[in-house]
Amino acid sequence: MLDNLKEFASEFFVTGDPLILGAQVSIALTMIAIVIVLTYFKKWRWLWTEWLTTVDHKKIGIMYIIASLLMLFRGGVDALLMRTQLAMPELNFLEAEHYNQIFTTHGVIMILFMAMPLMFGLFNIIVPLQIGARDVAYPFLNSMSFWLFFWGAMLFNMSFVIGGSPDAGWLAYPPLSELSHSPGVGQNFYIWGIQISGIGSLATGINFIVTILKMRAPGMRLMKMPMFSWSVLSSCISIIFAFPILTVTLFLLFLDRFLGAHFFTLDGGGNPMMYINLIWMWGHPEVYIVVLPAFGIFSEVVAAFSRKKLFGYASMVFAMIAISVAAFFTWAHHFFTMGSGANVNAFFAVTTMIIAIPTGVKVFNWLFTMFRGKIQFTTPMMWAIAFIPCFVVGGMTGVLLSVAPADFQFHNSYFLIAHFHQVLIGGVVFGYFAGLYYWWPKMFGFKLNEHLGKWAFWFWNIGFYVCFMPQYLLGLMGMTRRINVYDFDMGWQPLNVVSTIGAFLMGIAFLFQVWQIAHSIKFHKKDTTGDSWGVGRTLEWSIPSPAPVYNFATIPVADERDWWWEEKERREQGIQPKAIPLEPIHMPKNSAIPFIKSLCWFTAGFGFVFNWLWIAIPGLIGVAICMLVRSFQYDTDYYIQVDEIKRTEAALRGAN
Amino acid sequence: MANHDTGAHKSHGGSFKSYLIGFLLSIVLTIIPLVVVLNDMMSRNATLIVILAMAVLQFLVQLFFFMHIRDEEKPRYNLMTLILAVVILLTIVAGSIWIMTYNMTAG
Amino acid sequence: MAHAASHHDHDHGHHDQEELKTFGFWIFLMTDCILFATLFATFVVLRLNTSGGPTAEELFSMPGIIAETFILLTSSFTSGLAVLSMQKGDKKGLIGWLIVTLALGIAFVTMEITEFVHMVHEGATISTSGFLSSFFTLVGAHGLHVSIGIVWMIALVLQLARRGITSVTKRKVTIISLYWHFLDVVWIFVFTVVYLMGVM
């Protein structure tokens, strides 16, 4: 009996590697510490009612951001481990198997569990405030999206200590990801972790499209809408058409592994290349999904800190929508070398080059916005300025890669690695950092320490170039991605050492950011104006920070592009806004169903990972029960009465 | 809570007559391809064109007579999302066929 | 006066909510469209990969499929009649037509399951060949959608019996009938691409 248990445990838990053992111990200790702290301070009820069951878009956004920063830490550690292994030739720091797992989890976590939630966090916090709405269109569904993401991410990350991590690359190409080549459970974790969180992403896409199209403040016509909201709309358009493809593709891979189907297998009439075709139909729009909101953030930040209105508003809108649709016509450039024929390659090379045009339009718009502006070099603005050259270089190397014949040389080399890190870090990460710094006071009511922020900024930027510029050269010298050892005589050592140093500089930058947040929480100065930077142009800066639960006591008629900027000028001239009488506010009630239903999905996913139907089926039944319970619920909202609004507003404004 | 561009669409629903016409049309549009295919009336390519055309017409019948896509008020977001979905749907199907033409592993 | 204003806001807010949900459901249907498009693309690419197993022509028996098609077409029509009754405020007619739709839906799913069981008995399973994998997944995904619709419709009939026709139940009937028409459209393409093109 005991021996059986021991044997089970040694297979169930990942054992044998000191690094993982250390992680297991620290995870266990952290979990115990969290339980003790919550119990000691009697915070369980608070956690449940204020956070786990909340449907408030601002709180959901904050939870997204916390989760994504934790994931940034994990993905970052993965990156540093890889760079350490590659620093020297023939190093034996990570074994091949472990190295494969790490580059797989690094990719998945950074794109799906770091960039996506950070993006959704900003969507959630900012979009309703920016368009003058009191919540998103479907607050209940919004909470569901978050918890599906959360439990999906948990399931994926669990593979680290239980059962073994996936190791077939971030897109899990078959036949490597098939049962024949990856018999372990790691690949199942991959499928179910992404599948569960992917459903949540799809729901968020629908939610924000409806929010933006139908819930704008009176007077705010689409062409008066702030640019960040436009970028969210364009990103969500891509989400709703791309994510179903991912869902199907992963499900087919699951059927291959679970029921012995032959979609992508080498035998039985399967076709692995079909998987590659399908996954990139999602994968290519996905990179635009994460980068478009970053473009929106830059547009807001650049205009605000140049104290000018955005140059070329209409062309910006056009460029964003064009990108979100055109993103669906370029996918084959990820596999020029697959042998689909010259016509296919020519077509997709041309579409890829075309999509660079709207992106170029945007860069000029930002430059012209800054031109002759009174630029303030705050941290958000610095990230925005640093983004431009970085993204331009990254984009240009992308155009090089889009030349199909040349791609046969660059394909799967470090040139490609450097290219996509440059657009994803230089574009997405820099963008979200700019957004995070810019809107931080709106979320929490205080600014992050600028001094430490600038240290973090410089470490990030210098680290970035030191890390990735050598990788372009390494790629041209023939170093391919996903190798874990190389010989001395390849001559790759010096550049690899430089690259590793750069990676660690970025690691230090992250520590500065952690320090910056901790320091700011302890020593912050409370913002009492609501317009913390003093340069706000859009609606979200017209209300107190952090915003009250109902966001707007009365919803303004925002019929100008930079409504708050114009309003401030009017008030300076002594024109006071017309007072709108308060009315009771209709709000959604909190609900435990999203949390419980997502937990049921997690349970079902866990059961499928280990092929334990006795866990999977109860999980699925739980999901169905939750849906039916919700369908029979009719009492789902309440009203905030006028005197309560008055009290809240007085408390918030009275602090002045 | 919500502030709309659109008002309520009152005319949603159509009449019994329109449902009946839609139903009869859809039956006819199902029988035509069946007859063509089961009796081998045309060449392979002609059959293919006919049955696909009938399917598309059938889709339009459902859209107009059952789903009342015409009743929507401006701005016609339902129609816009539908058109975009159809464009991307065609891209997925036609694109896959094109890309995989030289990559078919027969067997 | 303040009270009157708030009352108005209440009704208005509620009505808006239901409009909003119908629109969101429409977008969901569009995403479902893409889901089926991906399955169709896979089917079309893999349909000739029979790997020595049975081919479409050997496997499909058209009479059953034709019956399924007409059953589903009729159910799409009856779900439309349910909406028509609802607009007239006829609760009995609404529930009646929904039950007719349900019965047709259950008949459809039963026939489909029988067809699948028959195929499996003949040795044509999901793991036989790429063709059959994509066949069972595409047709099965549609069947699963219909089955979910059935459970949903039963829940809705219970709610209608208890609460009658309100703005909330009205919206629910509207979207389930949209869903049902949509599934009919998908079936038309399954019928054409899988079955008709399979036997031609």
Side-chain angles (χ1 to χ4, degrees), chain B residues 1-4 6-9 12-16 18-20 22-23 26-27 29-31 33-34 36-38 40 44 47-48 51-52 54-56 58-59 62-63 65-68 77-78 81-82 84-86 88-97 99-101 103-107, chain C residues 9 12-20 22-23 26-27 29-34 36-38 40-42 44-46 48-52 62 66 69-70 73-74 76-81 83-84 86-87 129-130 174 177-178 180-182 184-185 188-189 191-193 195-197 199-200:
Chain B
M1 156 162 187
N3 304 290
H4 270 230
T6 55
H9 47 164
H12 184 91
S15 63
F16 179 75
S18 82
Y19 276 107
L20 194 64
F23 183 52
S26 66
I27 286 183
L29 289 171
T30 312
I31 291 175
L34 260 176
V36 169
V37 170
L38 295 183
D40 277 327
R44 205 180 152 74
T47 314
L48 208 60
I51 63 177
L52 284 175
M54 291 303 130
V56 171
Q58 171 99 267
F59 162 61
Q62 295 265 335
L63 203 61
F65 291 95
F66 290 180
M67 293 179 171
H68 312 290
Y77 292 131
N78 287 25
T81 46
L82 178 71
L84 199 53
V86 170
I88 291 177
L89 181 154
L90 291 175
T91 309
I92 292 172
V93 178
S96 293
I97 295 171
I99 288 173
M100 299 303 290
T101 313
N103 288 314
M104 298 280 195
T105 49
Chain C
D9 179 60
H12 188 67
H14 226 72
H15 185 72
D16 280 354
Q17 282 276 303
E18 306 313 322
E19 284 272 300
L20 224 55
T22 314
F23 179 51
W26 179 263
I27 299 181
L29 284 185
M30 295 306 111
T31 67
D32 227 21
C33 248
I34 302 298
F36 278 107
T38 316
F40 271 107
T42 312
V44 172
V45 168
L46 296 180
L48 299 176
N49 297 9
T50 47
S51 185
M62 286 311 277
I66 295 168
T69 306
F70 283 110
L73 274 179
T74 313
S76 185
F77 176 56
T78 56
S79 80
L81 295 183
V83 174
L84 214 57
M86 179 181 77
Q87 259 137 19
S129 65
T174 311
S177 80
L178 274 181
W180 209 261
H181 297 317
F182 166 76
D184 194 31
V185 171
I188 292 305
F189 283 90
F191 176 67
T192 307
V193 174
Y195 293 104
L196 287 181
M197 280 167 66
V199 298
M200 80 183 216

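Numbered from 1 within each chain, the chains take letters A, B, ... in sequence-line order.
Most heavy-atom pairs under 4.5 Å with chain C: of the set B/Leu38, B/Asp40, B/Leu20, this distinction falls to B/Leu20. Highest contact tally toward chain B, considering only C/Phe40, C/Phe70, C/Tyr195, is held by C/Phe70 [criterion: heavy-atom pairs under 4.5 Å]. Ranked by heavy-atom pairs shorter than 4.5 Å toward chain C, the options B/Thr47, B/Val93, B/Ile88, B/Leu34 are led by B/Leu34.
Ring orientation note: the planes of B/Tyr77 and C/Phe23 are tilted relative to one another, at an angle of 30° to 60°.
With a 4.5 Å cut-off on non-hydrogen atoms, C/Phe191 touches chain B through its side chain but not through its backbone. At a 4.5 Å heavy-atom cutoff, B/Leu84 makes no contact with chain C through either its backbone or its side chain. Neither the backbone nor the side chain of B/Leu29 comes within contact range of chain C, judged by heavy atoms closer than 4.5 Å. Heavy atoms of C/Ser129 lying under 4.5 Å from chain B are absent altogether. When heavy atoms are compared at a cutoff of 4.5 Å, C/Thr192 approaches chain B by way of both its backbone and its side chain. Looking at B/Leu90, neither its backbone nor its side chain comes within 4.5 Å of chain C, counting heavy atoms on both sides. Residue C/Ile66 touches chain B through its side chain alone, counting heavy-atom pairs closer than 4.5 Å. Proximity to chain B (any heavy atom under 4.5 Å) is restricted, for C/Met62, to the side chain, taken from C-beta onward. Both the backbone and the side chain of C/Thr74 come within contact range of chain B, judged by heavy atoms closer than 4.5 Å. Heavy atoms of C/Phe77 lying under 4.5 Å from chain B belong to its backbone as well as its side chain.
Minimum interatomic distance between B/Gln62 and C/His181 (heavy atoms only, all atoms of both residues): OE1-O, 3.5 Å. When all heavy atoms of B/Leu89 and C/Ile34 are compared, the closest pair comes out as N-CD1, 4.1 Å.
C/Ser76 contributes no side-chain N or O that, together with a main-chain N or O of C/Leu73, makes up a donor-acceptor pair within less than 3.5 Å.
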Q: Applying side-chain contact (heavy atoms from CB on, under 4.5 Å), run through C/Glu18 and C/Thr174 and close with a yes or a no.
A: CA-CA 10 Å; C/Glu18 306 313 322; C/Thr174 311; over 6 Å; no
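A donor and an acceptor atom, one from each side chain of B/Gln58 and B/Thr30, are located under 3.5 Å apart.
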